[in-house]
Amino acid sequence: MPDYDDITYSVENATALITINRPERYNAFRGQTVEELIKAFRSAWADTAVRVVILTGAGDKAFCAGGDVKQRAETGDYGPTESGLFEIGYLHKLIRDIPKPVIAAVNGAAIGGGHVLHVLCDLSIASANATFGQAGPRVGSFDAGFGSAFLARVVGEKRAREIWFLCRQYDAETAERWGLVNMVVPADRLLEEAKSWAAEIAALSPTAIRFLKQSFNADTDHQAGLSNLGLSAVDLFYESPEGQEGARAFAEKRTPDFAAYATKAPVGADARS
């Protein structure tokens with residue numbers, strides 16, 4: 001089994017438990033974290049004894065706060081990786097493609113890229129203290145692929161636009177009411193409940209479950225193309241003064257000043273209309 005620094009991986013009965021283990025950074029991911037998550041999901045895929053995967057975060061404050069913006073402010077990227085690539089897009093696709101249900105056990109804040117991870121999981125169970133929301137436009141980032149398009153399939157267009165355009169945080173009760181999570185439980189029961197759901201799934205036909213997951217995915221698989229396009233766009237955006245202002249402001253704990261970037265002529269605007 002691979003050695004991990006940013007995550008932990010274990011298998012109990014028929015369930016693989018993957019835990020993002022960077023509580024000092026609210027389980028925000030850097031390039032190495034993403035690489036280790038990919039290895040863990042591939043291990044769970046290859047292990048015929050594993051029937052279900054649970055994804056969670058260490059501690060009780062955060063499931064995942066998204067990309068490590070402090071790292072981005074310090075180095076301009078998400079840090080070194082073995083491959084030389086930041087493969088968040090591949091991780092998104094892997095969560096969808098692994099032919100085993102993935103349950104997000106949301107133990108705290110699921111914000112930004114962490115919110116995207118839980119949305120991509122097949123099922124989400126939240127602790128009562130969990131919070132949900134997007135931060136991209138506040139920190140100089142965005143997800144123009146699964147993080148927005150698939151989110152709209154989950155909660156509807158109006159709610160998805162609200163989540164992205166306002167960058168508010170929502171409590172677990174609201175998330176359940178919107179259909180963003182399947183169930184809310186007390187914090188001390190979260191993993192117990194997730195493992196209970198995993199055990200119920202593991203007792204069912206694995207072939208039937210595999211085909212069902214692939215059938216559910218088929219309707220939105222075209223969004224992978226949007227995801228690739230969006231990731232290419234955000235790479236360019238990170239290099240821009242506007243993108244860098246968001247990351248710097250976050251690292252410096254101040255309100256970003258985007259006023260100067262609102263003066264450009266809108267792309268595609270037609271003065272005749």
Side-chain angles (χ1 to χ4, degrees), residues 7-8 10 12-23 26-29 37 51-66 92 95-96 100-136 143 146-148 150-204 209 212-213 216 220:
I7 73 166
T8 64
S10 62
E12 179 182 329
N13 298 322
T15 301
L17 177 62
I18 301 173
T19 305
I20 304 172
N21 191 28
R22 304 187 77 217
Y26 289 86
N27 296 320
F29 52 75
L37 286 168
R51 306 279 286 277
V52 184
V53 179
I54 296 173
L55 177 64
T56 192
D60 57 5
K61 292 183 178 180
F63 168 75
C64 176
H92 290 172
I95 291 172
R96 285 172 58 87
K100 305 171 183 185
V102 181
I103 301 172
V106 185
N107 54 303
I111 305 298
H115 189 263
V116 176
L117 291 182
H118 108 82
V119 168
L120 285 170
C121 292
D122 299 288
L123 302 166
S124 293
I125 303 173
S127 66
N129 68 320
T131 55
F132 302 82
Q134 270 306 330
D143 186 327
F146 285 122
S148 50
F150 186 65
L151 176 64
R153 292 295 185 97
V154 175
V155 297
E157 286 277 351
K158 295 290 186 179
R159 294 295 190 196
R161 290 170 193 249
E162 175 184 335
I163 289 168
W164 273 101
F165 292 169
L166 300 183
C167 291
R168 292 176 178 172
Q169 294 189 19
Y170 304 90
D171 60 24
E173 181 181 345
T174 301
E176 184 179 29
R177 189 172 72 249
W178 287 3
L180 194 56
V181 303
N182 299 90
M183 186 179 190
V184 177
V185 299
D188 61 357
R189 281 188 45 219
L190 178 64
L191 272 183
E192 174 188 346
E193 190 67 35
K195 289 178 180 179
S196 175
W197 284 41
E200 285 190 52
I201 293 169
L204 304 175
I209 293 294
L212 284 167
K213 178 164 181 172
F216 283 125
T220 52

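For reference, positions follow the sequence shown, starting with 1. No experiment lies behind these values; they were computed from the predicted model shown.
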Original post:
Between Gln169 and Ile111, is a side chain to side chain contact (heavy atoms under 4.5 Å, CB included) present by the stated rule, with each step listed?
Top reply: CA-CA 8 Å; Gln169 294 189 19; Ile111 305 298; 3.8 Å; yes
Original post:
Could you state the interatomic distance from CD (Glu176) to OG1 (Thr174), rounded to the nearest 0.5 Å?
Top reply: 10.0 Å
Subject >> Donor-acceptor pair, side chain of Thr15 and main chain of Lys195, under 3.5 angstrom >> reply: no
**OP:** Please round to the nearest 0.5 Å and tell me the distance separating atom CG of Leu123 and atom CG of Leu55.
**Re:** 12.5 Å
Show me the side-chain donor-acceptor pairs of residues 196-204 shorter than 3.5 Å, one per line, residues at least two apart or across chains.
unit_1	atom_1	unit_2	atom_2	d
Trp197	NE1	Glu193	OE2	2.9

Original post:
Taking the side chain as C-beta and beyond, is there a heavy-atom pair between Leu180 and His118 under 4.5 Å?
Top reply: yes
**OP:** Could you grab the distance from atom CG of Leu151 to atom CD1 of Ile163, nearest 0.5 Å is fine?
**Re:** 4.5 Å
Original post:
Does the side chain of Asn182 reach to within under 4.5 Å of the side chain of Ile103, using non-hydrogen atoms?
Top reply: no
Original post:
Shortest non-hydrogen contact from Ala28 to Arg22?
Top reply: O-NH1, 2.8 Å
Original post:
Quick one: are Val154 and Trp178 in side-chain contact, heavy atoms under 4.5 Å?
Top reply: no
Subject >> Heavy-atom donor-acceptor pair, Gln134 side chain to Gly112 backbone, under 3.5 Å >> reply: yes
Subject >> Asn129 side chain to Asp60 backbone, donor-acceptor under 3.5 Å >> reply: yes
Original post:
Can you check whether Gly113's main-chain N or O pairs, donor with acceptor, with Asp143's side chain at less than 3.5 Å?
Top reply: no
**OP:** Considering non-hydrogen atoms only, spot the tightest contact between Asp122 and Pro101 and give its length.
**Re:** OD2-CA, 3.3 Å
Original post:
What is the distance from atom OG1 of Thr131 to atom NZ of Lys61, rounded to the nearest 0.5 Å?
Top reply: 12.5 Å
Original post:
Does Ala58 offer a backbone N or O that forms a donor-acceptor pair with the side chain of Asn21 under 3.5 Å?
Top reply: no
**OP:** Please report the closest heavy-atom contact between Ala105 and Ala194, naming both atoms and the distance.
**Re:** CB-CB, 4.2 Å
Subject >> Phe146 and His92 aromatic ring geometry - parallel, tilted or perpendicular at 30°/60° bounds >> reply: perpendicular
**OP:** Mark yes when over 12 heavy atoms from residues, nucleotides or ligands other than Tyr170 sit less than 6.0 Å from its OH; otherwise mark no.
**Re:** yes
Original post:
Does any non-hydrogen side-chain atom of Val102 lie less than 4.5 Å from one of Lys213?
Top reply: yes
**OP:** Can you measure from CZ (Arg153) to OG (Ser148) and round to the nearest 0.5 angstrom?
**Re:** 12.0 Å
**OP:** Please round to the nearest 0.5 Å and tell me the distance separating atom OG1 of Thr19 and atom CG of Leu37.
**Re:** 10.0 Å
Subject >> Arg96 NZ/CZ over Phe150 ring centroid, <6.0 Å and within 45° of normal >> reply: yes
Original post:
Can you name the nearest heavy-atom pair linking Phe132 to Ala126, along with the distance?
Top reply: CZ-CB, 3.7 Å
Original post:
Under a 4.5 Å cut-off applied to non-hydrogen side-chain atoms, are Val119 and Cys121 in contact?
Top reply: no
Subject >> Non-hydrogen atoms of Phe63 and Ile20 that approach each other most closely >> reply: O-CD1, 4.2 Å
Subject >> Any Phe29 side-chain heavy atom under 4.5 Å of Leu117 side chain >> reply: yes
**OP:** Apply side-chain hydrogen bond (donor to acceptor under 3.5 Å, both in side chains) to Asn13 and list each qualifying residue two or more places apart in sequence or on a separate chain.
**Re:** none
**OP:** Return yes if some donor-acceptor pair links the side-chain N/O of Asn27 with the main-chain N/O of Ala62 below 3.5 Å, else return no.
**Re:** yes
